[in-house]
Amino acid sequence: MSLFSHDIKTMDDLFVHQLRDIYYAEKQIVNALPEMIQKAQDPTLKQGFETHLGETKNHVKRLEEVFRLHGKEAKGVDCPAIDGIIEEAEDVAGEVEDKQVLDAALIAAAQDVEHYEITRYGSLVAWAKQLGRGDCANLLQQNLEEEKATDKKLTSLAESAVNRKAA
Ligand SMILES: [Fe+2]
Ligand SMILES: [Fe+2]
């Protein structure tokens, strides 16, 4: 179902559609992170990806709770945006031979993913509140905070050791 499908008529439909979009995205991220962990060279980066894999599995669970609270079936819809981001990350990582440059590429790819999640959760939190679903907004906000914290960690990694070594 595309965003402009006629099946989306109300704010509630839009909320549920985007919930299904991020649910699909989070599951794809759970699938993609092990390869990034395996490829990362810097131990701090590797550990950071490990930690975020655990958080991401928990994001899936929180989303399932949001579906439950909202009385909707937890299911995903295809999200070509996240598929494209992950595909591009795999392409770029595949082409980089220098290990430290590879880390820089992995950080950039991970930040693409985090930024996508941050925009999605930002809208979802706002819409949940608008729909009077403070309970859902609260859970979505927790995911949002963890995405923001991960993005910050990646920025400081990018600015410190990893990129310096690559230069
Ligand atoms: Fe997430
Ligand atoms: Fe994330």
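Just so you know, ligand 1 is whichever comes first in the structure, and atom 1 is the first atom listed for that ligand.
With rounding to the nearest 0.5 angstrom, the CG atom of Asp12 is 10.0 Å from the CG atom of Leu19.
Residues satisfying the side-chain hydrogen bond (donor to acceptor under 3.5 Å, both in side chains) test with Glu50, not counting sequence neighbours, are none. Residues meeting the side-chain hydrogen bond (donor to acceptor under 3.5 Å, both in side chains) test with Lys153, sequence neighbours left out: none.
Using a 4.5 Å cut-off on side-chain heavy atoms (C-beta onward), His52 and Glu114 make contact.
Protein atoms of type N/O/S that fall under 2.8 Å from the Fe ion (ligand 2) number 5 in this view.
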Pair up each side-chain donor or acceptor in residues 80-90 with any protein partner under 3.5 Å, not counting sequence neighbours, and list the distances.
{"residue": "Asp83", "atom": "OD1", "partner": "Tyr24", "partner atom": "OH", "Å": "3.0"}
{"residue": "Asp83", "atom": "OD2", "partner": "Tyr24", "partner atom": "OH", "Å": "2.8"}

side-chain hydrogen bond (donor to acceptor under 3.5 Å, both in side chains) between Glu64 and Tyr23, worked out = CA-CA 8 Å; Glu64 285 166 354; Tyr23 185 60; 2.5 Å; yes
